[in-house]
Amino acid sequence: MKNKIIVVEGDITKLQVDAIVNAANRSLLGGGGVDGAIHRAAGAELLEECRSLKGCETGEAKITKAYNLCAKWVIHTVGPVWRDSTCQEDEFLARCYRNSLALAKKQEIKTIAFPAISTGAYGFPMDRATKIAVKEVNNFLVTNSSIEKVFLVCLGQSAYKMTQRILGKF
Ligand code: AR6
């Protein structure tokens with residue numbers, strides 16, 4: 001299944017895929033980081049649709065249209081804030097991947113791109129988060145054939161190299 005997982009470096013808003021995943025916050029009303037970039041690129045209509053969703057719990061996921069983005073859909077998920085590993089952060093992060101992929105399957109999405117959820121403002125250690133991402137995506141692909149390609153999008157060379165290394169060892 002590893003050949004369906006592709007690591008890319010760059011801005012997730014530029015990708016031509018069926019769906020991009022947003023590392024949002026519980027309000028779903030925008031923010032900084034990848035969330036800010038997605039809202040800027042998608043346009044004001046995205047925020048309008050997000051308002052109707054009435055927020056999202058940590059580990060859950062909700063879907064909207066993607067408006068001015070190249071993608072058709074945005075799947076908004078809320079990662080955990082990293083504290084000290086004792087607050088079920090690993091499990092909540094795993095749920096973000098599982099729930100996003102389940103939504104994608106339901107929507108008949110074939111290609112999907114994830115940012116490194118929780119590894120920016122939310123402070124989750126990048127290597128630990130990447131291992132969880134690779135494990136959850138692989139688990140999904142083993143039991144589901146609907147999704148053809150999953151892109152793990154990294155901002156910067158060091159994140160890219162680390163993700164390649166973790167995927168290679170998996
Ligand atoms: N394309 C791909 N990856 C990106 C991009 C981009 N355009 N921009 C940032 N990253 P973060 P979080 C990477 O902070 O930690 C927001 O304010 C970044 O390098 O965007 O889940 C929300 O509203 C990092 O590796 O998300 C929430 O309040 C990763 O994306 C909060 O931040 C995630 O960083 C969520 O924090």
Side-chain angles (χ1 to χ4, degrees), residues 5-44 46-51 53-64 66-85 87-101 103-104 111-134 136-137 149-167:
I5 307 176
I6 297 136
V7 184
V8 293
E9 197 215 324
D11 179 358
I12 200 168
T13 66
K14 303 283 195 287
L15 289 191
Q16 295 207 337
V17 286
D18 294 339
I20 64 172
V21 176
N22 183 15
N25 58 60
R26 286 166 54 200
S27 77
L28 296 186
L29 299 179
V34 72
D35 194 6
I38 287 172
H39 275 271
R40 271 194 304 278
L46 178 63
L47 183 58
E48 220 170 283
E49 187 175 354
C50 282
R51 275 191 220 287
L53 299 176
K54 309 281 178 223
C56 182
E57 293 303 320
T58 304
E60 302 296 316
K62 294 191 177 180
I63 192 164
T64 64
Y67 301 98
N68 299 335
L69 288 163
C70 311
K72 289 193 204 93
W73 304 102
V74 179
I75 293 175
H76 307 261
T77 189
V78 182
V81 176
W82 176 261
R83 294 194 202 284
D84 54 8
S85 85
C87 303
Q88 290 185 275
E89 293 99 321
D90 291 349
E91 173 55 21
F92 279 110
L93 185 62
R95 275 187 215 167
C96 288
Y97 286 91
R98 272 182 235 141
N99 287 324
S100 297
L101 289 163
L103 253 187
T111 55
I112 181 168
F114 283 91
I117 301 162
S118 283
T119 65
Y122 283 180
F124 211 108
M126 177 70 86
D127 56 343
R128 189 169 177 134
T130 304
K131 284 175 191 155
I132 292 167
V134 168
E136 292 303 324
V137 171
K149 280 192 169 58
V150 178
F151 296 87
L152 300 180
V153 185
C154 306
L155 199 66
Q157 269 291 310
S158 71
Y160 173 77
K161 282 184 185 154
M162 177 191 288
T163 307
Q164 281 283 26
R165 197 176 61 240
I166 288 169
L167 180 63

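Throughout, residue positions are numbered sequentially from 1 according to the sequence presented. Counting starts at 1 for both ligands and their atoms, following the listed order. The structure presented is a predicted model; accordingly, all values stated were derived computationally and were not measured.
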Review point. Quick one: does S27 get within less than 4.0 Å of ligand 1, heavy atoms only?
Key: no
Revision key, fill the gap. Between T64 and C50 the two heavy atoms that sit nearest each other are CG2-SG, 4.3 Å
Exercise for review: Look only at interatomic distance and state if V34 has a nitrogen or oxygen under 3.5 Å from any nitrogen or oxygen of ligand 1.
Suggested key: yes
Review point. Does ligand 1 have any atom that is closer than 4.0 Å to a heavy atom of S118?
Key: yes
Exercise for review: May I ask you to check if ligand 1 and G32 share an N or O to N or O distance below 3.5 Å?
Suggested key: yes
**Study point:** Distance filter under 4.0 Å to T119 heavy atoms, resulting ligand 1 atoms
**Key:** 15 (O), 24 (C), 25 (O), 29 (C), 33 (C)
**Study point:** N/O donor-acceptor pair under 3.5 Å between D18 side chain and T111 backbone
**Key:** yes
Review point. Just by distance, do the side chain of E60 and the backbone of N99 share a donor-acceptor pair under 3.5 Å?
Key: no
Check your understanding: Which of the numbered atoms in ligand 1 are below 4.0 angstrom from a heavy atom of D11?
Key -> 1 (N), 6 (C), 7 (N)
Practice item. Among all protein heavy atoms, pick out the one at the shortest distance from atom 31 (C) of ligand 1; state its residue, atom name and that distance to 0.1 Å. Key: Y122 CE2, 3.5 Å
Exercise for review: Would you check if the side chain of E136 reaches a backbone N or O of R95 as a donor-acceptor pair within less than 3.5 Å?
Suggested key: no
Review point. Taking Q164 for the side chain and Y160 for the main chain, is one N or O donor matched with an acceptor at less than 3.5 Å?
Key: no
Practice item. May I ask you to decide whether R98 forms a salt bridge with E91, counting only side-chain N to carboxylate O separations under 4.0 Å? Key: yes
Review point. So, the side chain of K62 versus the backbone of L53: is there a donor-acceptor pair under 3.5 Å, distance only?
Key: yes
Check your understanding: Purely on distance, is any nitrogen or oxygen of G120 under 3.5 Å from one on ligand 1?
Key -> yes
Check your understanding: Which pair of non-hydrogen atoms, one from L47 and one from L29, has the smallest distance, and what is that distance?
Key -> CD1-O, 3.5 Å
Check your understanding: By number and element, which atoms of ligand 1 are closer than 4.0 Å to a non-hydrogen atom of A23?
Key -> 21 (O), 22 (C), 26 (O), 35 (C)
Review point. Any chance CD of Q157 has more than 12 other-residue heavy atoms, nucleotides or ligands included, within less than 6.0 Å?
Key: yes
Exercise for review: Could you tell me which atoms of ligand 1, counted from 1 in the order shown, lie closer than 4.0 angstrom to a heavy atom of G10?
Suggested key: 1 (N), 2 (C)
Revision key, fill the gap. Per-atom filter on ligand 1: closer than 4.0 angstrom to a heavy atom of G31 are 17 (O), 23 (O)
Study note, to complete from the structure: ligand 1 atoms nearer than 4.0 angstrom to some heavy atom of A37 are 7 (N)
**Study point:** Per-atom contacts of ligand 1 with D35, taking only distances under 4.0 Å to non-hydrogen atoms
**Key:** 22 (C), 23 (O)
**Study point:** Shortest non-hydrogen contact between N25 and V78, atoms and distance
**Key:** O-CG2, 3.5 Å
Practice item. For ligand 1, find out whether one of its N or O atoms is nearer than 3.5 Å to an N or O atom of I12. Key: yes
Practice item. Please check if the side chain of S27 supplies one atom and the backbone of G55 the other of a donor-acceptor pair under 3.5 Å. Key: no
Exercise for review: Could you say whether the N/O atoms of A121 and ligand 1 ever approach to under 3.5 Å?
Suggested key: yes
Review point. How close does the nearest protein non-hydrogen atom get to atom 29 (C) of ligand 1, and which residue and atom is it?
Key: A116 O, 3.3 Å
Review point. What is the closest protein heavy atom to atom 13 (C) of ligand 1, and at what distance does it sit?
Key: L155 CB, 4.1 Å
